[in-house]
Amino acid sequence: MITIKFNSLFVYSEEYNLSFHKHFTKRVNIISGRNTSGKSTIIQSFLYTLGINDVKSKLQEILDLQPVFRLDFTLTNKDGSDNYIIVRDDSAVYLKKNTNKTEVFYGVSSNTGRERAKFKEYIGNMFDFNMYVEQKGSYSDAPLEAFYLPYYVSQSVGWVYLQSSFSNFNFYKNFRQDYLDYYLGISTRWNRRELIELQKKRAEIFIESKFLEKQKSTPSLELAKNVDEAFGAEAQSYVNDYIELYGNLQKHKRELIKDCNQLAIYENHLKIVRKTKSNIKSQKFDGVDSCPACLQTLNYSLERIYEYHQKKNDNLSVESHLKETLKKMQSSINRPLAKVAEGFTITNTFTTS
């Protein structure tokens with residue numbers, strides 16, 4: 001059994017110099033207050049930080065301030081306890097376990113795409129979440145929202161329509177039954193995996209039986225002769241396909257290495273820009289200047305004030321550009337990464353065949 005203890009929530013808007021910070025006790029924490037005082041906002045901030053985009057509309061007033069969310073929690077299982085820090089900044093999520101390297105996921109603001117799938121897989125492994133849902137006649141991994149469903153009831157739907165606290169669950173067949181079975185421990189991932197494999201085998205056998213059905217009228221010797229004559233051409237086609245696939249695999253590997261190097265450069269550039277922004281913010285105007293009309297001594301020159309704000313605006317513009325570039329670069333990396341993984345699978349299939 002896995003338990004999660006939330007230690008603190010920190011929300012900070014650097015642009016507007018606003019913040020919220022709350023520590024939670026080891027015992028039960030009760031949040032009380034009048035309507036619209038922000039009770040639900042705290043819970044929705046938890047969900048947003050943990051990668052749920054469904055609550056964006058409810059947090060829009062806060063998100064307009066361009067905040068950074070940080071959630072500290074401790075995860076305990078049979079192997080011991082681990083401390084986690086998860087930070088969400090716009091469309092990026094940064095996750096750190098103990099003193100390990102920080103994992104970064106760019107582009108999680110959309111519920112589709114490979115980066116979102118990588119984040120969902122990471123969270124699923126972290127919390128040992130392995131629920132399956134049925135869609136289009138086969139089972140697949142449940143969406144990330146299904147993990148939080150038992151622990152959050154949206155005010156807009158209430159307990160009766162708990163399933164509607166998050167969107168898109170109606171697209172899955174028998175979701176309510178599968179959801180209840182999973183959380184009651186009635187079924188396991190191994191049952192579902194076996195079912196998926198059996199469904200694939202059934203489809204393959206069905207296609208093969210249809211092919212053999214068409215060959216009923218053909219004598220077996222004539223069929224064997226035709227297969228033997230076609231073997232030479234098929235073998236050559238097999239070799240040609242393998243060479244083409246291997247060439248494409250090498251091409252995608254080179255693209256992946258190039259994009260990874262470029263991503264590392266942009267990440268370092270972003271770190272430098274953020275340090276520069278911090279230095280600019282901490283600068284103080286010094287020196288004196290005189291008014292050309294009345295000779296009154298002025299503490300700060302207009303030229304220095306203009307220069308200061310120009311630097312600040314330029315820095316913010318570069319930071320925004322780098323964030324968007326990092327998001328695009330990560331997406332660019334995911335495409336050849338998927339091609340490389342697909343290429344390895346196909347070439348291994350060729351080799352074993």
Side-chain angles (χ1 to χ4, degrees), residues 51 53 89-97 100-126 130 135-141 143-144 193 196-197 199-201 203-204 207-208 211 227 230-273 318-353:
N53 296 316
D89 175 9
D90 190 19
S91 62
V93 170
Y94 306 82
L95 202 154
K96 187 177 184 66
K97 174 184 177 182
N100 296 352
K101 177 185 175 183
T102 301
E103 299 288 341
V104 184
F105 304 89
Y106 297 109
V108 297
S109 57
S110 170
N111 287 338
T112 59
R114 183 167 177 81
E115 196 68 10
R116 171 73 174 184
K118 284 166 55 180
F119 178 69
K120 184 181 77 170
E121 182 181 3
Y122 188 96
I123 293 291
N125 292 334
M126 186 169 72
N130 47 50
Q135 187 179 36
K136 297 180 180 179
S138 63
Y139 281 97
S140 59
D141 293 323
L144 184 61
R193 286 196 180 280
I196 293 170
E197 292 303 320
Q199 287 175 336
K200 289 180 180 179
K201 284 186 178 180
E204 292 172 359
I207 295 173
E208 186 177 352
F211 173 76
V227 171
F231 180 79
E234 290 178 357
Q236 186 60 49
S237 175
Y238 176 96
V239 173
N240 293 339
D241 289 345
Y242 182 87
I243 293 173
E244 181 180 358
L245 285 169
Y246 187 80
N248 289 335
L249 175 61
Q250 298 303 314
K251 174 185 174 182
H252 292 310
K253 284 173 67 177
R254 290 192 296 269
E255 291 177 358
L256 178 60
I257 293 171
K258 177 183 175 182
D259 287 343
C260 286
N261 290 337
Q262 192 67 41
L263 179 66
I265 292 173
Y266 281 124
E267 285 180 330
N268 287 331
H269 193 175
L270 182 59
K271 290 179 182 178
I272 294 170
V273 168
V318 172
E319 182 185 27
S320 176
H321 172 71
L322 283 173
K323 285 183 179 179
E324 188 62 28
T325 302
L326 279 169
K327 180 179 176 181
K328 291 179 180 179
M329 283 299 304
Q330 186 64 63
S331 177
S332 176
I333 286 174
N334 287 335
R335 285 193 293 270
L337 188 63
K339 292 291 185 181
V340 169
E342 180 184 356
F344 272 120
T345 302
I346 295 175
T347 50
N348 286 339
T349 302
F350 267 94
T351 305
T352 53
S353 299

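Keep in mind that what you see is a predicted model, and the values were worked out from it rather than measured. Along the sequence shown, the residues carry numbers beginning at 1.
Between Leu263 and Gln330, the shortest heavy-atom contact is CD2-OE1, 3.8 Å. When every heavy atom of Ser91 is checked against every heavy atom of Lys327, the shortest pair comes out as OG-CD, 3.8 Å. Annotation for Val108 and Glu115: closest pair CG1-O, 4.5 Å, computed over non-hydrogen atoms.
Remark: Lys200 pairs with Ile196, Glu197 by the side chain to side chain contact (heavy atoms under 4.5 Å, CB included) rule, at least two apart or across chains. With sequence neighbours left out, the side chain to side chain contact (heavy atoms under 4.5 Å, CB included) criterion links Arg114 to Lys118, Asn334, Leu337, Ala338. For Asn111, the side chain to side chain donor-acceptor pair (under 3.5 Å) partners at least two apart in sequence or on another chain are Asn53, Arg116. With sequence neighbours left out, the salt bridge (charged side-chain N to carboxylate O under 4.0 Å, His left out) criterion links Glu103 to no other residue. Partners of Lys328 under the side chain to side chain contact (heavy atoms under 4.5 Å, CB included) rule, at least two apart in sequence or in another chain, are Glu324. Residues passing the salt bridge (charged side-chain N to carboxylate O under 4.0 Å, His left out) test with Lys323 are Asp89, sequence neighbours excluded. With sequence neighbours excluded, the residues satisfying ring-ring contact (aromatic ring centres under 6.0 Å, His included) with Phe119 are Phe105. When the side chain to side chain donor-acceptor pair (under 3.5 Å) test is applied to Gln135, no partner is found at least two apart in sequence or on another chain. Listed by chain and number, the residues in a side chain to side chain donor-acceptor pair (under 3.5 Å) with Ser320 amount to none (sequence neighbours excluded). Lys97 pairs by the side chain to side chain contact (heavy atoms under 4.5 Å, CB included) definition with Asp82, Tyr84, Asn100, not counting sequence neighbours.
Within the structure, side chain to side chain donor-acceptor pair (under 3.5 Å) contacts touching residues 262-272 (residues at least two apart or in different chains) are Tyr106-Glu267.
Here the side chains of Ile123 and Leu95 are in contact, with some heavy-atom distance below 4.5 Å.
If you take CD on Gln250 and CG on Asn248, they are separated by 10.0 Å, rounding to the nearest 0.5 Å.
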